[in-house]
Amino acid sequence: MNMIIEHNFSLKNYNTFGIEAKARQFIAVHSIDELKVVLQQNQHQKKFILGGGSNMLLTQDIDALVIHVDLKGKKIIKEEDGAVWVESMAGENWHEFVLWTIAQNFGGLENMSLIPGNVGTTPVQNIGAYGTEIKDTFVSCEALDIQTQELKTFTKEACRFGYRESIFKQEAKDQFIITSVVFKLTTTNHNINTSYGDILKELEKHHISTPTLRDVSNAVIAIRQSKLPDPKELGNSGSFFKNPIISKAAFEKIHALHPEMPFYVVSETEVKVPAGWLIERAGFKGKRFGDAGIHKNQALVLVNYGNATGQEILAVSKDIQATVLSEFGIAIEAEVNVI
Ligand SMILES: Cc1cc2nc3c(=O)[nH]c(=O)nc-3n(C[C@H](O)[C@H](O)[C@H](O)COP(=O)(O)OP(=O)(O)OC[C@H]3O[C@@H](n4cnc5c(N)ncnc54)[C@H](O)[C@@H]3O)c2cc1C
């Protein structure tokens, strides 16, 4: 095993915000055996797990051993009438994995095309886009217990998925390293879902009335490219905030004052409100404070124009939260992991 621990290692190219922050120690691991050795040899060190760095805001140097999970490989583990079980190692790039499933004519992930990051991180916040979430196709994942170095299987129920939530952001946080994920995908009778956002409009533009998996994926890619900044060109971490879910009673009071506010009924007692709308109404869309700012087309996306520090972006996020709270009485919570 050729494993090198780097010291005082710059993470600028390892986070999509492009923030300059240093890891006290850094190692990339390429197999479960390597991972076990690293954990055994560094039992008493603080550890920090890094995937693609597309869902974190680094506000300080990381005083820990940063373990970059780079386990590669994917395989079909089971086939049945109309369905296939595919296992991917944690370090595979998510979008490349989605494109691979589409090339095999496996359905279920196409609406989540072009989400940055790695496969192993997808259960952490139950990623989702365009009417689909990972939990819809997720079967199980394997994760290494950081303390005991034992592999444990988490079923869908055990993951306790919610809206951008799972056990890995709650009780199991910092205790497990996800090493692989299994998805159950369709091989026939695909459940093509074009009802969300502008997918239908995008397909109509290309005169497509019976879309294939690839057509849906291409439509999602085109829409995302037109709306979201590419982190390679403008540092960002996607949606910075979650869409708040508030009680129906609270919603009715706010809605009476702002009847134009869009909303989505979650249950008999809860309503979801788009955080982007609240932020835009609070006057932040397109604003810039030094090198930190709010994207001109997407109020939900905070951006780094070049040399913003994590602290500067955090300060903007706090300003937004305080203003939205005082103007609408709604508390908005960060989706991005603030480190
Ligand atoms: C332009 C853009 C668009 C985005 N759009 C979406 C979207 O539509 N929907 C959506 O849900 N998300 C979206 N995101 C957020 C992000 O892409 C996802 O959350 C993604 O799953 C993060 O993966 P990552 O590997 O980059 O995670 P990282 O940022 O590396 O890590 C995120 C968290 O998970 C932990 N972690 C990382 N790897 C592991 C592991 N193997 N085991 C246990 N814990 C681990 C880290 O410690 C950290 O706390 C977007 C981001 C960007 C930049």
Side-chain angles (χ1 to χ4, degrees), residues 16 52 54-55 73-89 92-123 125-139 156 161 163-164 181-234 236 238-239 243 262 264 272 274 276 295 297-298 300-301:
T16 58
S54 67
N55 200 16
K74 51 187 177 296
K75 58 177 189 262
I76 295 164
I77 54 172
K78 187 166 135 185
E79 280 179 89
E80 249 176 33
D81 274 358
V84 66
W85 280 249
V86 179
E87 180 178 48
S88 168
M89 297 308 284
E92 289 286 337
N93 173 273
W94 171 253
H95 179 57
E96 282 167 24
F97 175 66
V98 172
L99 291 183
W100 177 81
T101 62
I102 293 166
Q104 316 301 309
N105 193 35
F106 299 160
L109 306 180
E110 57 284 352
N111 290 44
M112 292 181 285
S113 298
L114 211 62
I115 298 181
N118 292 351
V119 173
T121 326
T122 59
Q125 73 155 10
N126 177 29
I127 64 162
Y130 293 92
T132 317
E133 287 180 326
I134 210 67
K135 72 165 171 44
D136 303 333
T137 44
F138 178 97
V139 176
K156 188 191 292 199
F161 290 126
Y163 165 58
R164 301 296 175 269
V181 187
V182 177
F183 300 96
K184 183 184 174 187
L185 305 173
T186 52
T187 51
T188 52
N189 297 325
H190 301 306
N191 179 21
I192 300 277
N193 176 1
T194 58
S195 60
Y196 202 94
D198 290 338
I199 298 183
L200 265 186
K201 225 197 257 173
E202 184 64 32
L203 291 168
E204 274 162 16
K205 242 178 26 191
H206 299 278
H207 311 290
I208 298 168
S209 52
T210 47
T212 61
L213 300 174
R214 191 176 296 279
D215 292 332
V216 175
S217 169
N218 286 341
V220 169
I221 292 171
I223 299 165
R224 292 183 69 102
Q225 283 174 335
S226 73
K227 285 191 169 167
L228 287 168
D230 179 351
K232 287 195 192 96
E233 284 154 25
L234 188 60
N236 76 90
S239 302
N243 292 317
Y264 171 78
K272 196 194 266 186
H295 193 247
N297 302 331
Q298 271 293 340
L300 207 46
V301 178

**Item:** Given Asn218, Ile223, Val220, the one that forms side-chain contact (heavy atoms from CB on, under 4.5 Å) with Glu202
**Value:**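 Running side-chain contact (heavy atoms from CB on, under 4.5 Å) over Asn218, Ile223, Val220 with Glu202 returns exactly one hit, Ile223.
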
Please name all residues satisfying side chain to side chain contact (heavy atoms under 4.5 Å, CB included) with [X], sequence neighbours left out, ordered by chain then number.
X: Glu80; value: Lys78, Trp85
X: Glu79; value: Ile76, Val84
X: Leu228; value: Arg224, Gln298, Val301
X: Glu96; value: Asn93

If you round to the nearest 0.5 Å, how far is [atom2] of [Y] from [atom1] of [X]?
X: Lys201; Y: Thr194; atom1: NZ; atom2: OG1; result: 13.5 Å
X: Phe106; Y: Thr137; atom1: CZ; atom2: OG1; result: 13.5 Å
X: Ile208; Y: Leu200; atom1: CD1; atom2: CG; result: 11.0 Å
X: Ile102; Y: Ser113; atom1: CD1; atom2: OG; result: 4.5 Å
X: Asn191; Y: Asp136; atom1: CG; atom2: CG; result: 9.0 Å
X: Asn126; Y: Ile134; atom1: CG; atom2: CD1; result: 7.5 Å

Do [X] and [Y] have side-chain heavy atoms sitting under 4.5 Å apart?
X: Val181; Y: Met89; answer: no
X: Asn236; Y: His295; answer: no
X: Asn243; Y: Leu300; answer: yes
X: Pro116; Y: His95; answer: no
X: Tyr130; Y: Ile199; answer: yes
X: Val182; Y: Val86; answer: no
X: Thr101; Y: Leu99; answer: no

**Request:** Tell me, please, which residues at least two apart from Phe138 pass ring-ring contact (aromatic ring centres under 6.0 Å, His included).
**Result:**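 Partners of Phe138 by the ring-ring contact (aromatic ring centres under 6.0 Å, His included) criterion, ordered by chain and then number, come out as Phe161.
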
**Request:** Check ring-ring contact (aromatic ring centres under 6.0 Å, His included) between Phe183 and all other residues, then give those that pass, not counting sequence neighbours.
**Result:**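 For Phe183 the ring-ring contact (aromatic ring centres under 6.0 Å, His included) partners, ignoring immediate neighbours, are Trp94, Phe97.
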
**Message:** According to salt bridge (charged side-chain N to carboxylate O under 4.0 Å, His left out), who are the partners of Arg164, at least two apart in sequence or on a separate chain?
**Reply:**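 Glu133, Glu335.
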
**Prompt:** Taking only residues two or more places apart in sequence, or in another chain, which ones meet Lys75 in a salt bridge (charged side-chain N to carboxylate O under 4.0 Å, His left out)?
**Reply:**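 For Lys75, the residues satisfying salt bridge (charged side-chain N to carboxylate O under 4.0 Å, His left out) (neighbours in sequence not counted) are Glu87.
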
Considering residues at least two apart in sequence or located in another chain, which fulfil the side-chain hydrogen bond (donor to acceptor under 3.5 Å, both in side chains) criterion with [X]?
X: Asn55; result: Gln125
X: Asp215; result: Thr212
X: His190; result: Asn105, Thr186
X: Asn193; result: Ser195

**Prompt:** Shortest non-hydrogen contact from Pro274 to Pro262?
**Reply:**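 Pro274 and Pro262 have their closest heavy atoms at CD-O, 3.2 Å.
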
**Minimum heavy-atom distance between Pro211 and Val216, given as atom pair plus value** =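 Result for this residue pair: CB-CG2, 4.1 Å.
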
**Request:** Assess the side chains of Thr16 and Ser54: does a donor N or O sit below 3.5 Å from an acceptor N or O?
**Result:**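 Ser54 and Thr16 do not have a side-chain donor-acceptor pair below 3.5 Å.
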
**Message:** Strictly distance-based, threshold 3.5 Å: is any side-chain N or O of Lys156 a donor or acceptor partner for the main-chain N or O of Lys135?
**Reply:**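 It does hold such a pair.
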
**Prompt:** Is there a donor-acceptor pair closer than 3.5 Å between any side-chain N or O of Glu110 and the backbone N or O of Gly108?
**Reply:**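 A pair under 3.5 Å: yes.
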
**Message:** Tell me whether Lys184 at atom NZ has more than 12 heavy atoms from other residues, nucleotides or ligands lying less than 6.0 Å away.
**Reply:**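 Atom NZ in Lys184 is not packed in, count stays at 12 or less.
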
**Asked** Got a sec: does the OH of Tyr163 have more than 12 other heavy atoms crowding it under 6.0 Å?
**Response**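 Yes - once you tally the heavy atoms of other residues, nucleotides and ligands closer than 6.0 Å, there are more than 12.
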
**Request:** Please test Gln225 against Leu114 for side-chain contact (heavy atoms from CB on, under 4.5 Å), starting from the C-alpha separation and ending with a verdict.
**Result:** CA-CA 9 Å; Gln225 283 174 335; Leu114 211 62; 3.8 Å; yes

